[in-house]
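Accompanying notes for the structure given below.
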Amino acid sequence: MERTTKVLTVDPESPDSEVLDRAAEAIREGKLVAFPTETVYGLGADALSSSAVEQIFRAKGRPATNPLIVHVADVEQARELSASWPAAAQRLADKFWPGPLTMVVRRSEIVSDTVCAGLETVALRMPAHPVARALIRRAERPVAAPSANRYTEVSPTTADHVLRGLDGRIDVVVDAGPTSVGLESTLVSVVDNPVEILRPGMIGRRVLAGVVDVEEASRVVVDETQTRPSPGMSKRHYSPAVSMRIVESAEFQRLRKRGEKTTGFIGFVEAFGDADEAVIAMPSTPRDYARRLYGVLHDLEERGVDEIVVEEPPDGDEWTAIRDRLRRAVG
Ligand code: TXA
Ligand code: MG
């Protein structure tokens, strides 16, 4: 499936409409177009075309049992894809759309089996990024898009990350610079009451609970051969190619003082003494930490470290998604 991947560069705030038209046309032609959302870059294709959607699975090397998120331009489009639109969905949409929240609802007949892996439900998201919004609107159809990385690899927060994994396997990448949230959207099921968190994200549990009744999904880990009821839960997901561990602060300090050059350190300390390129000081706020995390993992991979040691982040609702992604990266 060798292709020539075109890079189309746009301004993130006011993207050039000719460029957007080209990207939207590629989607309408059934091609694969990676584009920025506020969370991570997505690998987009026409959600109403089974053959286009099949190509997403092929390019990523993703099992056909793992359903995709369908991105919409507005609530009306979301409702067309839904068999029912619960009151909780409307409340969440009013509060968090456009934004980094994905809602699983019962699907209508226009949604193909391919995109939702045969489930009776579909995951819907209305992204806030101006490029994503304009692209979906111009494509004049919903856009299926998982994160634009190879299966089990770290999600991309820049077009460069996308190309590292998918160059030659996709048709277009729209480059609008780094994404702002940095972690994948919060994924909730609104099929039943209370709303269930299937994948934590930067819209945290406490914030959701201010709008609807909400509970954490039980952490079932299913094997790759089944369609998972609560996806995003496969054990090895978001993993860097390098082995990784999370340690408490005291242990982190001890390990970094030993200063193994082949180890990448990700911690909170400001200064590490002599400049060791593989030592990275992370921001102390969850928002900034999340924005940087995947870029740091990609960089350390590129540097060819043997191991990554991460200083354990704090407890608390705002750190839940970060802790979740770190745990998954450890596998
Ligand atoms: O921020 C995001 O959500 C990014 C951007 C591109 O929008 N997308 C993303 O897609 O992270 P992906 O495919 O990497 O993760 C989607 C998650 C997967 O864990 C998938 O199993 C789950 O959503 N999912 C999709 N459809 C589902 C459904 N009907 N029921 C439950 N989970 C579903
Ligand atoms: Mg993904």
Side-chain angles (χ1 to χ4, degrees), residues 33-45 47 53 56-57 59-72 81-83 96-107 111-129 131-133 135-136 142-157 161-162 165-166 174 179-192 195-203 217 220-222 224 226-239 290 294 321 324-325 328-329:
V33 177
F35 63 95
T37 78
E38 69 279 22
T39 58
V40 298
Y41 275 70
L43 177 54
V53 170
I56 295 181
F57 286 98
K60 277 183 67 96
R62 173 167 170 142
T65 49
N66 194 351
L68 307 180
I69 294 174
V70 177
H71 295 69
V72 297
L81 298 165
S82 316
F96 301 111
W97 277 8
L101 177 74
T102 300
M103 291 194 267
V104 171
V105 298
R106 284 188 207 287
R107 66 171 161 125
V111 180
S112 74
D113 280 343
T114 322
V115 85
C116 50
L119 293 173
E120 289 310 305
T121 55
V122 62
L124 300 174
R125 165 155 134 76
M126 177 176 166
H129 196 296
V131 173
R133 297 190 71 181
L135 181 63
I136 300 162
V143 175
S147 52
N149 52 283
R150 299 286 279 272
Y151 186 58
T152 77
E153 292 180 359
V154 179
S155 292
T157 53
H161 298 157
V162 174
L166 296 172
V174 182
T179 62
S180 60
V181 177
L183 298 186
E184 302 84 350
S185 61
T186 305
L187 177 72
V188 299
S189 171
V190 296
V191 169
D192 291 313
V195 168
E196 196 180 22
I197 302 175
L198 302 180
R199 176 177 72 183
M202 295 311 282
I203 296 178
V220 264
V221 176
V222 291
E224 298 303 322
Q226 301 170 269
T227 293
R228 48 200 62 105
S230 307
M233 294 199 164
S234 81
K235 234 186 184 161
R236 202 171 165 277
H237 218 164
Y238 319 113
S239 299
Y294 287 162
D324 170 79
R325 300 309 190 280
R328 288 173 202 270

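Both ligands and their constituent atoms are indexed starting at 1 by order of listing. This is a predicted model, so every value here is computed, not measured.
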Show which atoms of ligand 1 fall inside a sub-4.0 Å distance from at least one heavy-atom site of [X].
X: Gly42; answer: 6 (C)
X: Thr39; answer: 1 (O), 2 (C), 4 (C), 5 (C)
X: Leu119; answer: 28 (C), 29 (N), 30 (N)
X: Thr121; answer: 28 (C), 29 (N), 30 (N)

> So, Ser147 and the Mg ion (ligand 2): N/O/S under 2.8 Å, yes or no?
Replying inline: yes

> For Arg125, what residues pass the side-chain hydrogen bond (donor to acceptor under 3.5 Å, both in side chains) criterion, not counting sequence neighbours?
Replying inline: Thr37, Glu38, Thr39

> By side-chain hydrogen bond (donor to acceptor under 3.5 Å, both in side chains), which residues pair with Ser185, not counting sequence neighbours?
Replying inline: Thr102, Arg199

Indicate, as side chain, backbone, both or neither, the part of [X] found under 4.0 angstrom from ligand 1 when only non-hydrogen atoms are considered.
X: Cys116; value: neither
X: Leu198; value: side chain
X: Arg62; value: side chain
X: Asn66; value: side chain

Could you state the interatomic distance from [atom1] ([X]) to [atom2] ([Y]), rounded to the nearest 0.5 Å?
X: Ser147; Y: Leu183; atom1: OG; atom2: CG; answer: 11.5 Å
X: Arg107; Y: Asp113; atom1: CZ; atom2: CG; answer: 4.5 Å
X: Thr152; Y: Arg62; atom1: OG1; atom2: CZ; answer: 11.5 Å
X: Leu43; Y: Arg150; atom1: CG; atom2: CZ; answer: 11.5 Å
X: Leu68; Y: Phe57; atom1: CG; atom2: CZ; answer: 3.5 Å

>> Please state which option from Pro100, Ser185, Ala144, Ser147 has its nearest heavy atom closest to atom 12 (P) of ligand 1.
In response: Ser147

> Would His71 count as a contact of ligand 1 if the rule is a heavy atom under 4.0 Å away?
Replying inline: yes

> Going by distance only, is there an N or O of Arg199 that falls short of 3.5 Å from an N or O of ligand 1?
Replying inline: yes

>> What I'd like to find out is whether the side chain of His129 reaches to under 4.5 Å of the side chain of Phe35, using heavy atoms alone.
In response: no

